[in-house]
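Below is one structure, written out as structure tokens, with a few remarks after it.
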Amino acid sequence: MPNKEKLPVLYLITPCYNEEKVLPLTYSLFLNKIKELVKTKTISPDSRALFVNDGSTDGTWDYICEIAKKNKQIEGISLSRNRGHQNALLAGLMEAKDHCDVTITLDCDGQHDINAVDRMLEKYEEGNEVVYGIRNSRTGDSTMKKVFSELYYKLINAFGGEIVTNHADYRLVSSKVLNAFSDYKEVNVFLRGLFPLVGFRSTTVNYDQFERVAGKSHYSFSKMLTLAIDGITSLSIKPIRIITGIGIFVAFVSFIGVIYSIATFFAGKTVPGWASMTCTLCFVSGIQLISLGIIGEYVGKTYMETKQRPRYIISERTYKE
Ligand code: UDP
Ligand code: MG
């Protein structure tokens, strides 16, 4: 249970990639929320909003430095290059874990309703170590994204991955969980699938998703597909088992085919079967190529994991380490 005597130190962590249009509109949301919660004695005055610059190529980092200079509750770290949303979140979490009792991650574009922070903290005070934000509505997302995401949650759960439906990365995690989580050294990070694996007492809180205040989403269809494939292959080896199953099935059918052709040969009924041959060939080679692709995905992941490269490098901070 959280220590009732001492107010918890909260870090609001937000990843930013080329968000110079967005930050001037949203940074005060984070700052004001921290100030408000300090005032109501919900959190400690040592609480901070931590902005993670994910290798932006616009003025995002300069802006973060500027607001950090003016407000002591704002801090920033900058990654040496763009490492993607998941790694940026990870960098923020690992940076914050030794300075705070509890973290909340949320997007910097105003899509995540900041007022859910209060309810997440209430759940934390009740003894939960992880609180997943669940979106009620998905304002601001295209129909394609909504359909794709529904299918994806179904698929990943069918493949044995444990993810909370309609949870993006708006989440409260205590430093206790983060300390346990720091032993998960994998390079392919898919945070929303990993926290359920770490365990600890958890619950959910609902929130409304709004439109992005400015700029455009960084998740193109191909990036979403990559995240989806990474999510499944980093959590489950079921796809490989399915391939083995298909292999056994095709081998069985081929065996019957061989017996049939030998029988027809001896019966003297062999006819030129071009069409059936072509169909079989296309079908089997299609299956083989897809199977190789899936296996290749795992081999590639194993290769990247064995290298043990750093998942991110922090090049600058707005404060001294
Ligand atoms: N983001 C990031 N690195 C990236 C892409 C996105 O840090 O390579 C951040 C981005 O600035 C935002 C959050 O991740 O705070 C979610 O991104 P976005 O709003 O583009 O995605 P969507 O909400 O459309 O899924
Ligand atoms: Mg967004």
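Remember, it's 1-based here, ligands and their atoms both numbered in the order they're listed.
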Exercise. Of all the non-hydrogen atoms in the protein, which one sits nearest to atom 21 (O) of ligand 1, and at what distance?
Worked result: Y219 CD1, 3.2 Å

For this session: Test ring pair (Phe, Tyr, Trp, His ring centres under 6.0 Å) on Y207 and H112 and set out the steps.
Result: CA-CA 7 Å; Y207 70 93; H112 293 162; 5.5 Å; yes

Exercise. Would you find more than 12 non-hydrogen atoms of other residues, nucleotides or ligands less than 6.0 Å from Y319 atom OH?
Worked result: yes

Exercise. With backbone taken as N, CA, C and O and side chain as the heavy atoms from C-beta onward, which portion of P15 lies under 4.0 Å from ligand 1: side chain, backbone, both, or neither?
Worked result: both

For this session: Ignoring hydrogens and angles, tell me if any N or O in the side chain of N136 forms a donor-acceptor pair with the backbone of N206 under 3.5 Å.
Result: no

Exercise. What are the two closest non-hydrogen atoms of Q73 and S47, and how far apart are they?
Worked result: CG-O, 3.9 Å

Exercise. How close does the nearest protein non-hydrogen atom get to atom 20 (O) of ligand 1, and which residue and atom is it?
Worked result: H218 N, 2.6 Å

Exercise. So, for F195 and Y132, which heavy atoms are closest and what is the spacing to 0.1 Å?
Worked result: C-OH, 3.6 Å

Problem set entry | R212, portion touching ligand 1 at heavy-atom distance under 4.0 Å | side chain

For this session: Would you check if the Mg ion (ligand 2) lies under 2.8 Å from any N, O or S atom of D107?
Result: no

Exercise. Which residue holds the protein heavy atom closest to atom 25 (O) of ligand 1, what is that atom called, and what is the gap in Å?
Worked result: K145 NZ, 2.9 Å

For this session: List the steps, then state whether side chain to side chain contact (heavy atoms under 4.5 Å, CB included) holds for Y153 with T165.
Result: CA-CA 6 Å; Y153 285 115; T165 306; 4.3 Å; yes

Exercise. Cluster question for you: counting only ILVMFWY and a side-chain heavy-atom cut-off of under 4.5 Å, with indirect links fine, are F181 and V187 together?
Worked result: no

For this session: Quick one: look up the protein heavy atom nearest atom 19 (O) of ligand 1 and list residue, atom name and how far away it is.
Result: D109 OD2, 2.7 Å

Problem set entry | Protein contact to atom 16 (C) of ligand 1 [nearest heavy atom, distance to 0.1 Å] | D107 OD2, 3.3 Å

Exercise. Nearest protein heavy-atom contact for atom 1 (N) of ligand 1: which residue, which atom, what distance?
Worked result: Y17 CB, 3.8 Å

Problem set entry | Y298, OH: over 12 other non-hydrogen atoms inside 6.0 angstrom | yes

Exercise. Any idea which protein heavy atom is nearest atom 3 (N) of ligand 1, and the distance to it?
Worked result: D54 OD2, 2.6 Å

Problem set entry | Residues, nucleotides or ligands: over 12 heavy atoms within 6.0 Å of R317 CZ | yes

For this session: Tell me which part of N82 gets within contact of ligand 1: side chain, backbone, both or neither, using heavy atoms under 4.0 Å.
Result: side chain

Exercise. Is the side chain of T40 donor-acceptor paired with the backbone N or O of E36 at a distance under 3.5 Å, no angle test?
Worked result: yes

Seminar exercise, completed: min-distance N/O/S atom, D109 vs the Mg ion (ligand 2), resolves to OD2

For this session: List every atom of ligand 1 that sits less than 4.0 Å from any heavy atom of C16, numbering the atoms from 1 in the order shown and giving each element.
Result: 7 (O), 11 (O)

Seminar exercise, completed: In this structure, atom 23 (O) of ligand 1 is nearest to the protein heavy atom Q111 OE1, 2.9 Å

For this session: Please identify which atoms of ligand 1 are closer than 4.0 Å to at least one heavy atom of C108.
Result: 11 (O), 15 (O)

Exercise. Under 2.8 Å from the Mg ion (ligand 2), is there an N/O/S atom belonging to Q111?
Worked result: yes

